[in-house]
2 protein chains.
Amino acid sequence: MRDDRSVYTKRIDHLRRIAEIDHVLILNGTNIRYLTGFSGGEGALLITPDQVHLLVDGRYTTQASQETTDLKIIEFQNKADAISSLLHNEKVDFVGFEESFITLGEYQKLKDALSGVALKPMSVRLDWLRAVKDAAEITEIKNAIRIAENTLTDLKNLIKPGIRETEIAVELDYQMRRAGAERISFDTIVATGPNTALPHATPGNRRVEAGDFVLIDYGAVFNGYHSDQTRMFCVGTPSDRQQEVYQAVLDAHDRAIAAIREGVTCKEIDGIARSFLEEKGLGKYFSHGTGHGVGLEVHEAPTLSRAKDDKLQSGMVVTVEPGVYFPEVWGIRIEDMVLVGKDGCEMLTAMPNGLVEL
Amino acid sequence: MRDDRSVYTKRIDHLRRIAEIDHVLILNGTNIRYLTGFSGGEGALLITPDQVHLLVDGRYTTQASQETTDLKIIEFQNKADAISSLLHNEKVDFVGFEESFITLGEYQKLKDALSGVALKPMSVRLDWLRAVKDAAEITEIKNAIRIAENTLTDLKNLIKPGIRETEIAVELDYQMRRAGAERISFDTIVATGPNTALPHATPGNRRVEAGDFVLIDYGAVFNGYHSDQTRMFCVGTPSDRQQEVYQAVLDAHDRAIAAIREGVTCKEIDGIARSFLEEKGLGKYFSHGTGHGVGLEVHEAPTLSRAKDDKLQSGMVVTVEPGVYFPEVWGIRIEDMVLVGKDGCEMLTAMPNGLVEL
């Protein structure tokens with residue numbers, strides 16, 4: 001990605017065209033990375049009609065100049081003051097900003113510092129621009145997915161009676177990084193036995209026992225792009241009830257995926273998985289949304305949940321991850337990543353998603 | 001920590017006493033953890049005169065009930081609506097909140113949902129309450145430090161010509177977790193040769209060469225508490241200039257530490273390190289602050305930088321980390337953690353901080 005500078009110029013020009021505001025201030029580190037390639041995660045980006053200013057503190061000046069081109073790097077002591085001074089030099093009356101990515105405290109500090117330059121919330125949302133991926137981004141996401149799934153495929157024989165949840169998680173994270181992940185996507189979830197009933201379990205000292213379900217929800221990061229998937233194992237033979245519920249979750253998952261295409265709303269997709277599980281009497285055990293976008297962040301737009309009217313667009317990458325959790329007994333989640341297309345979607349995760357008996 | 005429930009009751013009672021407001025809403029995940037023990041990282045906490053309500057979504061209900069006592073857990077579909085309904089039941093006119101921990105977008109959504117209940121910024125800052133640690137917290141921090149320093153001590157022989165920065169980082173992170181770290185504190189910095197001139201370097205494919213400086217800035221997390229330290233190695237014998245600058249950074253570091261005690265301002269400590277490096281002609285190469293608080297977050301209050309008038313208090317845990325960076329040549333940083341006391345400070349980091357020749 002870093003070698004193709006023109007992608008950043010294109011993204012900034014696109015933002016300029018649709019922002020309907022001449023001066024735009026971007027404060028979110030991920031959005032700054034998306035627009036410039038600067039991966040420091042802190043700073044400010046001021047886009048004017050004929051210049052792009054990247055403001056960083058002294059820790060990041062060299063890195064910013066190595067990672068970016070075609071923009072002016074400015075070192076600041078105080079971010080709000082530096083922004084103010086630039087805007088006053090430009091003699092502007094107002095500047096567009098992202099209200100979703102500034103705390104109320106920071107906003108008030110910035111407003112005071114800007115003395116006279118008004119802050120105007122932008123209608124354009126960078127997180128929505130980021131939701132639609134280009135070909136290079138999709139390649140990075142696929143690379144991240146390949147690292148994650150190859151690693152788990154190689155490691156699944158570790159899962160046997162006696163090993164602790166933490167030991168599986170530590171080994172998986174280590175091997176993903178040895179395989180080229182720059183970091184893990186999020187704290188890896190390894191839940192065993194009754195802990196599988198916790199949708200956001202933290203790996204603990206529990207040791208795997210014969211008959212356990214084992215749930216692994218994890219991902220890798222490659223060139224800034226994340227993967228996210230969940231796979232289930234059974235140490236021994238699953239009970240009839242476990243097989244039946246697994247099949248119901250898989251069917252809900254498959255039906256949601258079959259419906260994904262450009263133009264469908266997020267809540268329709270969620271509704272397909274949810275109503276199927278409700279028909280099976282499992283609806284009240286499905287305690288979270290059906291999926292979310294994945295890219296420079298592991299959770300980003302869109303959100304596939306029951307309240308979201310947003311429409312899917314071609315090029316979005318989303319997870320589909322219905323789950324059923326019987327508190328303190330066991331739980332099941334199956335999660336894959338797909339790429340939204342005009343007439344359907346492409347499976348990005350390739351690892352088989354059946355229940356693996358070990 | 002989790003077994004001693006009374007610590008959370010005490011913290012909430014303390015907040016009630018000093019908040020000067022009957023109803024308080026906490027939205028920051030770390031602050032919620034500090035006040036309740038719930039480690040999910042998402043949710044809302046509403047403290048009323050005679051009840052504590054923890055609002056979580058369906059993914060976290062079981063975890064919340066396992067991790068907390070003496071509070072009422074409420075599952076929500078929509079956080080803002082759930083908060084509104086609780087406050088209307090309590091028939092309150094206004095509720096205190098933290099303006100540093102809500103985005104402007106979330107604030108406006110919440111304000112709309114609260115229809116009639118006013119949001120009043122609190123003068124009490126949880127991040128400042130958190131800055132002063134109790135004995136149990138200091139024990140957890142010491143545990144995190146021990147894991148980190150023992151791991152690097154065992155691994156330093158890995159650092160030899162031919163090994164890549166990423167390989168050192170991956171191995172260090174893995175061994176810290178095998179030694180009991182629940183995660184790493186932040187993305188480990190391993191910088192070699194000219195990359196040591198980047199204060200926030202990302203480990204890359206560069207291989208260690210004879211004569212290189214190697215800078216490692218890293219930490220472990222134990223029971224939620226972080227460590228943070230930086231150590232320097234030289235692969236071979238450092239040049240006279242490298243030794244001289246190392247000694248200057250170490251002297252700046254030692255002078256700052258010698259001045260740390262309750263009542264001294266943050267900017268005084270920063271000024272001591274900075275003016276010493278300025279005297280040595282190195283001031284313009286010291287491009288960041290002198291230190292920061294460490295606890296449930298790796299960067300938290302206080303900030304030891306030139307603009308901060310805040311006074312150190314007994315029980316605060318801070319890093320001291322002056323650095324000198326010659327762009328594209330090499331850089332040096334030395335970082336330790338100390339506990340502020342009435343008449344001085346206690347070194348928490350025990351690993352020797354001299355330049356290690358390998």
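Chain identifiers are assigned alphabetically (A, B, ...) following the order of the sequence lines, protein sequences preceding nucleic acid strands; residue numbering begins at 1 within each chain. Bear in mind that the values here come from a model prediction, so they are computed numbers and not experimental data.
- At a 4.5 Å heavy-atom cutoff, A:Glu106 makes no contact with chain B through either its backbone or its side chain.
- Across B:Pro199 and A:Gly58, no two heavy atoms sit closer than the pair CG-O, 4.4 Å.
- Only the backbone of A:Ser100 comes within contact range of chain B, judged by heavy atoms closer than 4.5 Å.
- A:Gln108 touches chain B through its side chain: at least one heavy atom from C-beta onward sits under 4.5 Å away, while N, CA, C and O do not.
- When A:Lys109, A:Gln77, A:Glu75 are compared by the number of non-hydrogen pairs under 4.5 Å with chain B, A:Gln77 comes out ahead.
- Side-chain contact between A:Val170 and B:Tyr174 is present, with at least one heavy-atom pair separated by less than 4.5 Å.
- Contact count against chain B (heavy-atom pairs under 4.5 Å) is highest for A:Thr62 among A:Ile184, A:Thr188, A:Asp57, A:Thr62.
- Heavy-atom distances place the side chain of A:Arg183, and not its backbone, under 4.5 Å from chain B.
- Interface check for chain A: of the options B:Ser287, B:Gly105, B:Ala181, the most heavy-atom pairs under 4.5 Å are formed by B:Ser287.
- Heavy atoms closer than 4.5 Å to chain A are found nowhere in B:Tyr285, neither backbone nor side chain.
- In this structure, the side chains of B:Glu42 and A:His200 stay at 4.5 Å or more apart for every pair of heavy atoms.
- Put simply, of A:Thr61, A:Asn78, A:Asp173, the one with the most heavy-atom pairs under 4.5 Å next to chain B is A:Asp173.
- Of the inter-residue distances, the one linking B:Glu182 atom CD with A:Thr166 atom OG1 reads 11.0 Å to the nearest 0.5 angstrom.
- Neither the backbone nor the side chain of B:Glu167 comes within contact range of chain A; no heavy atom of the residue lies under 4.5 Å from a heavy atom of that chain.
- To the nearest 0.5 angstrom, B:Tyr325 atom OH is 9.5 Å from A:Arg59 atom CZ.
- Of the two parts of A:Ala169, the backbone and the side chain both hold a non-hydrogen atom closer than 4.5 Å to a non-hydrogen atom of chain B.
- Looking at every heavy atom in both residues, B:Leu198 comes nearest to A:Gln66 through CD1-OE1, 4.0 Å.
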